2 protein chains.
Amino acid sequence: MAAPEALSLRHVGRGDLARKRGELRDHIRAAAIVEFAEHGLRGASTQGIADRAGISKTKLHYYIDSKEELYAEALTHITGIWADLFEGIALDKGPEAFLSDYIARKVRFSLTHPAEVRMFTGEVMRGAPMLHAVWAGSREATLRASRLIGAWADQGLIRRVDPLLLQFHIWAMTEAYAVMASEARFMSGLGPDDPLDEAHIVAEITALVLNGLRVQ
Amino acid sequence: MAAPEALSLRHVGRGDLARKRGELRDHIRAAAIVEFAEHGLRGASTQGIADRAGISKTKLHYYIDSKEELYAEALTHITGIWADLFEGIALDKGPEAFLSDYIARKVRFSLTHPAEVRMFTGEVMRGAPMLHAVWAGSREATLRASRLIGAWADQGLIRRVDPLLLQFHIWAMTEAYAVMASEARFMSGLGPDDPLDEAHIVAEITALVLNGLRVQ
DNA sequence: ATTCTGTCAAACCATTTGGTCTGACATCCG
DNA sequence: CGGATGTCAGACCAAATGGTTTGACAGAAT
């Protein structure tokens, strides 16, 4: 197999050791997420992670204890970013404003952080053995959103739907642009590195959902 | 790691060797698909495949040449089933009939063959290096469907949409019930082995799409 | 200067991996 | 019967894996 392209590691002036160390850990995690996204926990190799990070395997193990620990840390890092993404989203401006904002944020994250979404999806695909703890918290947010959607239906603002399945469907459509990005590019006639049209994607999903709910 | 449960291998009377041989290959492929779905090509082990098939590693290698060959054969097998699934679907009965049928078939396949869908999705996630040849044919069908959807819009039967993205979104929603089945069960409060409600899922996706397109 | 701490490469190690070799046994064909 | 062919388990092997040990070097503190 060809050596993977090393991520660029911006040069850090010596003297600021704590910061340098933290940045290197971030850099390693970013490299690891790409490797885990492509090969899963079992298929990922520490050598592959080191190569992607542009460091030796020894240096990698100077910063981490084990592959499993790095995997778990990357997963919680991702779920943390994910939760942060929806801080401060407006819950009280009605279905159209909320759904438009929600969909736009999800699509943007999928396009800017495809490796993160893929690694997460891979973990879910193999039964999510390490995620049930994380999900316990996320389930709360999901149920809260379900009640909100149910209330909209009560008020006649939208057609009555299964709120949980609606969320599944929005997740599926928005995350698809990370998961099956290669398929989307191929079918669209784009090259492997051409950018997907974020505004167009957001507009199409939003229109499908708003019309699908018969938002008033 | 605990030994994976071996798939049941129905006893085959001796004497019918050709049939027995073919059935054993099918049995091995089924076991391999489960292993590949869970661990990807690199993470899958031939020992794991042999264990799942309930045979020795030697016996496995008596029937296959290499892990890669088995992987490729499983992929083409899956795409073959997938193509067969849509033989004879009615193209001329208008959007509602077509979309309802299409969604129902996709959901059913995801629920009855989750490992197949997951293995395929895994391959797509890692850039689908082995699928571009397969996709060349499938792209034709996709473009044909796009023209059909465009014609519906021309006739005023549906709202105007990007036909390609509409297909992506239907794929994403329907395949999600294989890909993120564990997440769906968790969020729904179901146990890991409880069945998902196929009719309900089909109804919700179909309603979202038909309303989303403002089908007349 | 010396000692201590953080950083890192080369060599190394035990285990697991994909895959083969040898040889046994069974069945079919003459 | 006897050989040819198909089927399969156990021992085996080279390579790759995750991870450790050794020791070197740099800079800061004493």
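All of these numbers come straight from a predicted model, not from anything done at the bench. The chains referred to below are lettered A, B, ... by the order of the sequence lines, with proteins before strands, and numbering in each begins at 1.
- Here C:dG19 is the nucleotide among D:dG18, C:dC8, C:dG19 with the atom lying nearest to any side-chain atom of B:E68.
- Checked against side chain to side chain contact (heavy atoms under 4.5 Å, CB included), B:S45 has the following partners two or more places apart in sequence or in another chain: A:R42, B:E35, B:Q47.
- Looking at heavy-atom distances under 4.0 Å, A:A50 makes no contact with the nucleic acid at all.
- Taking atom OH of residue A:Y71 and atom C1' of nucleotide D:dG18, one finds them 17 Å apart after rounding to whole Å.
- When the P atom of C:dT16 is taken as reference, atom CD of A:Q47 falls 20 Å away, rounded to whole Å.
- At whole-Å resolution of the value, CD in A:E69 and C1' in D:dG18 are 14 Å apart.
- Between B:K67 atom NZ and C:dT16 atom P the separation is 16 Å, expressed in whole Å.
- Evaluation of the salt bridge (charged side-chain N to carboxylate O under 4.0 Å, His left out) rule for B:E38 yields B:R52 as partners, not counting sequence neighbours.
- Annotation: ring-ring contact (aromatic ring centres under 6.0 Å, His included) contacts of B:Y71 (sequence neighbours excluded): B:F36.
- Here A:Y62 reaches the OP1 or OP2 of C:dT7: one of its side-chain N or O atoms lies under 4.0 Å away.
- Distance, A:E35 CD to D:dG18 P: 9 Å, rounded to whole Å.
- Inter-residue side-chain proximity for A:K93 and A:D101 is flagged as unmet; no heavy-atom pair is nearer than 4.5 Å.
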Practice prompt. Treat primed atoms plus P, OP1 and OP2 as sugar-phosphate and everything else as base, then score nucleotides 9-16 of chain D 5' to 3': B for base contact with protein heavy atoms under 4.0 Å, S for sugar-phosphate contact only, - for none.
Written response: BB------
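- Protein atom CG of A:L60 is 14 Å distant from nucleotide atom C1' of D:dT17, rounded to whole Å.
- Spacing between atom CG of B:L70 and atom C1' of C:dG19 amounts to 14 Å, rounded to whole angstrom units.
- Taking 4.5 Å as the limit, every side-chain heavy atom of A:L131 sits out of range of all side-chain heavy atoms of A:S138.
- One atom, NE2 of B:H61, and another, P of C:dC21, lie 12 Å apart when rounded to the nearest Å.
- Counting only residues at least two apart or on different chains, the salt bridge (Lys or Arg N to Asp or Glu O under 4.0 Å) pairs with a member in residues 68-91 of chain B are B:R25-B:E69, B:R25-B:E73, B:R29-B:E73.
- Among residue pairs with one or both ends in residues 175-184 of chain B, those qualifying as salt bridge (Lys or Arg N to Asp or Glu O under 4.0 Å) are B:K106-B:E175; sequence neighbours excluded.
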